[in-house]
Participant: 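The structure under discussion is supplied below as structure tokens; questions concerning it will follow.
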Amino acid sequence: MKDRYDVVIIGAGIVGCLTARELAKYDLDILVLERNGDVGAATSAANSALIHAGYDPIPGTLKAELNVRGNAMWDRLSSELDISFRRTGDYVVAIGEDEIENLKILKRQGELNGVPGLELIDGETARARVPALNPETAAALYAPSAGIVDTFGAVIAAAENAVENGVSFAFETEFEDFIFDGNRIIGVKTPRGSIGCDWAINCAGLEADTVMHKAGARPDFRIRARRGEYCVIDPEYFTLDTVLFPVPSVKGKGVLVFTTTHGNTVVGPTSEWIDGKTDAAISAFGQAYLEENMRKLVPTIDLRRTIAVFAGLRASGNARCLNPAVDYVGDFIVEAAAEAAGLINCGGIESPGLTSAPAIAERIVRILREAGAALCERSDWNPIRKGRPVMRRLSDAEKQRLIKTDPRYGKIVCRCEMVTEGEIAAEIHAPIPARTYDALKRRTWLGTGRCQGGFDLTRVVEILARELGVPVSDIRKNEAGSEFVVAETKNWSGE
Amino acid sequence: MKRNMICVTCPRGCRLQVVKDGHGKLTVSGNFCARGVKYAQIELSDPRRMIASTVRVRNGIHAVVPVATDQPIPKALILDAMALLKRVVVDAPVRMGDVILPDVLASGVNIVASRDLAGRDAAWSP
Amino acid sequence: MSERFIASDFDVVVIGAGPAGLAAAISAKENGAGSVLVIDRESEAGGILQQCVHNGFGLDTFKEDLPGPSYAQRYIDRAAAAGVAFLFNTMVTAVSRDRRVLTSNDRDGVREYRGKAIVFAMGCRERSRAQIRVPGTRPAGVYTAGTAQRWVNIDGFLPGRRFVILGSGDIGMIMARRLTLEGAKVECVVEINSYLSGLSRNLVQCLQDYDIPLLLRHTVTKIIGNKRVEAVEISAVDERWKPVAGSERAVPCDTLLLSVGLIPENELTRRVGIEMDPLIGGPVVDNRYATNLPGFFGAGNVVQVYDLVDSVSSAAEIAGRSAARYAAGTFAADCGSMPVHPGKNVRQVVPQRICPASLAEDPIALQLRVAKPLEGPVEFRVIGGDRILVRKRFPYARPGEMATVMIPKAAGSAFRETDEVRIDAVPLAEGIE
């Protein structure tokens with residue numbers, strides 16, 4: 001870490017990483033600050049991994065604009081960055097005649113937002129296309145532009161591409177405060193020292209309000225965490241090739257059912273306001289809620305076939321939509337701070353934040369330019385990032401070729417997901433290195449299958465220690481304090 | 001005196017009723033086999049257990065090698081025996097039955113290796 | 001045990017070198033198979049026994065009380081002497097219906113082996129936190145008992161200092177003792193049922209000997225802690241396993257071990273299209289351990305989760321013999337088998353089919369578990385039509401302890417008059433249902 005950069009980005013989630021990648025096109029010295037030990041470890045690590053079509057947001061909001069624009073950008077983005085992405089389309093399903101009116105409203109809303117190809121189909125057609133649907137399905141709204149994406153893969157790919165184009169990342173380095181010269185920001189303070197900068201970009205997710213307030217910006221803006229619990233179902237038991245939504249309510253988009261790019265079927269999320277911004281716990285109540293709501297869409301799934309449960313936190317803001325014609329609270333903020341020169345804020349980036357992220361990054365560049373940043377395009381910017389081999393997707397002949405170059409690709413460490421030691425080692429030594437079990441899990445999907453790490457955990461911990469050259473007792477699940485083992489046996493005196 | 005106990009000699013886990021009369025004679029019931037009677041006698045006079053653990057091994061294919069008592073050891077000695085094992089380090093290769101600690105705490109019980117453990121660099125051979 | 005010069009074609013290919021695979025391979029060799037290959041993902045044979053350092057193995061097989069690794073060592077030595085070939089550090093990724101076994105390792109890459117007969121001996125795996133859906137956070141320090149056992153007994157690491165163990169299965173209780181001996185503190189073992197799920201003797205020698213409390217009819221209702229486990233919330237449960245409001249209390253600890261059941265490991269079996277027993281999670285087998293797919297046999301815990309390794313070995317020997325016969329072309333494909341159904345008070349029975357004709361050669365062992373504890377004298381009755389064909393009495397029957405009922409060779413003629421049988425567990429004492 002140097003003591004001065006042109007741009008400091010606060011937060012290495014999907015928005016921060018895509019912004020870094022976008023800004024790397026220009027002749028700028030860029031640093032991304034991240035308090036966690038990895039990119040995409042907070043809000044970006046636990047969400048629905050969907051690219052929304054854009055019929056949900058109220059027309060005229062920033063959410064609506066960036067959702068539809070962002071959606072359209074994912075084809076190119078995923079091909080440049082080698083991200084798993086598929087336009088599966090989605091269905092909003094009306095159960096009973098009463099809900100059909102909502103579908104019509106949703107369709108009109110989508111058309112106003114510019115969502116392409118929306119189609120209202122009757123129940124029979126819907127059930128013919130998706131046989132698992134509730135037999136009481138009365139109609140469905142089909143949106144062909146919706147898709148599924150590997151969220152973790154997207155964050156990592158964006159960050160790696162940024163690194164390859166010269167961006168620096170500082171992990172376990174928490175933003176503490178801004179340094180001002182008059183009302184202009186000239187740097188940020190961190191526990192590792194002060195860093196000078198011309199521009200600071202607030203992509204701090206759940207803490208975006210805290211960061212803003214340090215600069216005196218939008219003192220009334222608040223982010224509250226809204227928890228979403230999910231459960232993952234054994235893919236050998238049930239999969240879908242589309243995304244199913246219930247008719248949305250005031251609480252949000254509801255409990256959906258879909259199969260991820262990794263082939264796991266996910267049911268979720270719940271929607272629950274929590275105190276504070278850290279409690280991503282699973283609750284018996286939440287799991288019961290999922291079961292009950294899932295049955296409305298697909299009554300036949302037996303949740304005893306659950307192989308994993310997880311929860312994420314949405315960063316819900318209270319920003320009023322800036323469009324005077326729209327009465328809506330909870331819009332995205334993507335703006336130059338009025339109160340502090342040199343600060344650009346993103347706030348309240350909840351769903352459809354992932355979908356919108358490329359459009360947010362694009363918007364940030366525009367705002368920077370308008371604010372007077374000197375953006376000179378680099379001739380050597382490389383938009384292409386190549387992913388590393390995923391053994392389970394290769395043919396036997398391709399596998400054999402790779403094993404010849406590195407025999408560790410023949411050694412399967414995670415039996416359920418068929419992840420090899422070669423893939424693990426490659427991630428540990430990647431441009432954004434995976435240094436913890438969870439970081440490896442997000443990148444390779446090891447430990448996410450039926451046995452949930454029962455077989456691989458001890459082995460992966462050993463590989464991490466060997467490759468990182470540290471004792472096994474230093475290997476963590478995620479952050480400091482999450483070490484797996486406490487000592488060597490025989491070497492510990494007890495209490 | 002009357003006592004209920006579960007025999008630990010084999011996985012069956014018989015529920016024994018043990019009665020000791022005024023002359024110190026034991027009557028055992030609930031046992032499937034004669035080992036139950038013997039267990040009850042020893043359990044009341046000098047309770048013993050088989051104990052297993054591991055010791056550190058140098059240059060082995062694993063960090064530790066499993067060891068166990070070659071016969072039941074008095075219960076009162078178990079924790080002291082474990083403390084002794086903490087300090088033991090053996091060199092690979094180890095053979096099953098190798099005596100790791102002879103006559104532990106003068107009990108007459110040996111602690112022996114439970115398996116063969118090859119050296120790290122040696123080719124595995126029978 | 002040489003890994004060199006391994007050909008691609010074998011009479012019998014055994015998947016898994018644990019106790020089942022070893023016993024099946026030795027038996028296949030002893031019953032005339034010319035070439036037997038055992039494939040395992042570990043670097044050595046013995047399977048899970050290598051981390052089961054405690055005693056209690058071999059009382060049936062060897063009439064001795066052996067530690068797990070010693071029990072394994074005897075079979076490893078016998079397998080070497082019998083000329084069984086081993087392929088270690090190798091994962092089987094798929095098996096085809098024409099008995100081709102696809103493997104991957106860091107020496108040969110992707111390679112295929114063919115067997116005239118295949119024995120599945122992949123063992124079982126532990127149920128995970130997700131399957132019992134324990135609420136709370138997801139910090140480090142929540143491990144299956146087997147993961148902790150591997151860390152302690154193979155790798156030499158202590159996974160925590162203060163433990164709560166959920167589930168009174170044998171591995172959980174054995175780990176309670178093991179961790180105590182290594183100097184850690186085990187706060188309690190928590191069991192949702194009103195009865196122990198492991199063996200009674202482990203209650204004595206693993207928990208009571210070390211004053212470790214066993215809380216029956218309790219469960220963990222919450223995991224607390226963000227980075228590492230800081231405590232677990234324990235609650236009493238009612239007879240339907242529902243937590244009793246107001247009974248919850250937090251127990252500080254840094255590790256929660258799960259010993260909440262084992263599941264036969266049958267991904268390969270299922271994918272090749274073999275008929276499964278949905279309750280047990282293993283393939284449906286006959287008394288020769290043949291599955292419904294010709295040439296495929298099941299050995300040990302893939303068929304059902306046994307209590308004792310001795311039972312695994314003896315069942316696997318039969319599977320190995322059947323595989324050798326199949327490879328030699330002397331296995332009767334159609335033996336006129338009939339289904340065996342679990343009846344009154346019986347939860348499960350293996351084999352699920354029996355061939356009365358094979359009674360000419362051997363008695364048939366029916367291995368079963370009762371649905372609930374029957375603490376008084378019990379009579380197991382094998383019933384065909386309205387006739388009781390075999391009776392066997394036990395002083396009690398418990399779900400945690402598998403019962404074996406032998407069908408003697410002499411019963412062969414009685415079975416010829418029926419198409420299916422069921423087995424009931426009938427309490428003999430008055431007033432006991």
Side-chain angles (χ1 to χ4, degrees), chain B residues 4-16 29-33 35 39 43 47-57 60-72 75 78-79 81-83 85-86 94-97 111-118 120 123-126, chain C residues 1-3 43-44 46 49-57 59-60 65-74 76-77 79-81 86 88 152-157 170 174 177-178 180-183 196 198-206 208-210 307-308 310 375 395-396 398 400-401:
Chain B
N4 293 325
M5 56 176 72
I6 294 171
C7 177
V8 304
T9 310
C10 87
R12 192 188 291 273
C14 293
R15 301 192 172 189
L16 310 180
S29 57
N31 53 313
F32 253 63
C33 70
R35 289 178 298 178
Y39 173 78
E43 188 67 6
R48 288 169 175 256
R49 295 287 185 265
M50 296 291 279
I51 281 301
S53 184
T54 57
V55 297
R56 292 268 150 200
V57 52
I61 52 165
H62 299 306
V64 292
V65 63
V67 297
T69 51
D70 63 355
Q71 54 180 298
K75 268 172 81 173
I78 290 173
L79 293 180
M82 284 299 301
L85 288 178
K86 274 191 173 188
V94 180
R95 303 292 292 189
M96 176 166 69
I111 291 180
V112 300
S114 303
R115 57 168 287 180
D116 294 354
L117 195 103
R120 198 182 297 149
W124 175 245
S125 58
Chain C
M1 260 191 289
S2 172
E3 282 196 24
S43 59
E44 59 184 356
L49 283 175
Q50 297 292 15
Q51 67 186 53
C52 298
V53 303
H54 53 281
N55 289 75
F57 301 92
L59 284 154
D60 284 351
D65 185 3
L66 300 173
S70 303
Y71 186 95
Q73 190 72 55
R74 295 193 178 198
I76 291 168
D77 294 347
F86 284 87
F88 291 124
V152 174
N153 290 342
I154 304 273
D155 299 336
F157 293 107
D170 289 317
I174 282 160
R177 171 178 61 184
R178 186 75 190 96
T180 304
L181 291 178
E182 286 293 345
L196 197 68
L199 299 173
S200 312
R201 72 175 194 154
N202 284 329
L203 172 64
V204 176
Q205 61 186 4
C206 297
Q208 291 172 354
D209 276 0
Y210 301 94
D307 304 338
L308 300 180
D310 302 79
E375 291 296 345
Y396 55 81
R398 298 174 190 140
E401 297 171 24

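Below, chains carry the letters A, B, ... as their sequence lines are ordered, and counting in each starts from 1.
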Participant: Looking at C/R74, C/R178, C/E401, C/Q208, which one has more heavy-atom pairs under 4.5 Å with chain B than the rest?
Facilitator: C/R178
Participant: Quick check on C/Y210 against chain B: is it the side chain, the backbone, both or neither that has a heavy atom closer than 4.5 Å?
Facilitator: side chain
Participant: Non-hydrogen atoms of chain C under 4.5 Å away: do they reach the side chain of B/I6, the backbone, both or neither?
Facilitator: both
Participant: Under 4.5 Å from any heavy atom of chain B, what part of C/D155 do you find: side chain, backbone, both or neither?
Facilitator: backbone
Participant: Using a cut-off of under 4.5 Å for heavy-atom pairs, which of B/S53, B/G13, B/C7 has the most such pairs with chain C?
Facilitator: B/S53
Participant: Looking at C/Y396, I'd like to know if the NZ or CZ of C/R398 sits under 6.0 Å from its six-membered ring centre while staying within 45 degrees of the ring's axis.
Facilitator: yes
Participant: Heavy-atom distance under 4.5 Å to chain B: side chain of C/L181, backbone, both or neither?
Facilitator: both
Participant: So do the side chains of C/H54 and C/N202 get within less than 4.5 Å of each other, counting heavy atoms only?
Facilitator: no
Participant: Looking at B/K86 and C/E182, does any basic side-chain N land under 4.0 Å from a carboxylate oxygen?
Facilitator: no
Participant: Is it the backbone or the side chain of C/Q205 that comes under 4.5 Å from a heavy atom of chain B, or both, or neither?
Facilitator: both
Participant: Taking C-beta and beyond as the side chain, do B/H62 and B/V64 meet within less than 4.5 Å on heavy atoms?
Facilitator: no
Participant: Thinking salt bridges, do C/R177 and C/D209 make one under a 4.0 Å N-O criterion?
Facilitator: no
Participant: Heavy-atom distances under 4.5 Å only: say whether C/I154 touches chain B with side chain, backbone, both or neither.
Facilitator: both
Participant: Give a yes or no answer on whether the side chain of B/R56 reaches the backbone of C/G156 with a donor-acceptor pair at less than 3.5 Å.
Facilitator: yes
Participant: Does any heavy atom of chain C fall under 4.5 Å from the side chain of B/I78, the backbone, both, or neither of them?
Facilitator: side chain
Participant: Please classify the contact of B/R12 with chain C as side chain, backbone, both or neither, using a heavy-atom distance under 4.5 Å.
Facilitator: both
Participant: For the backbone of B/M50 and the side chain of B/T69, can you confirm whether one donor and one acceptor N or O come within less than 3.5 Å of each other?
Facilitator: no
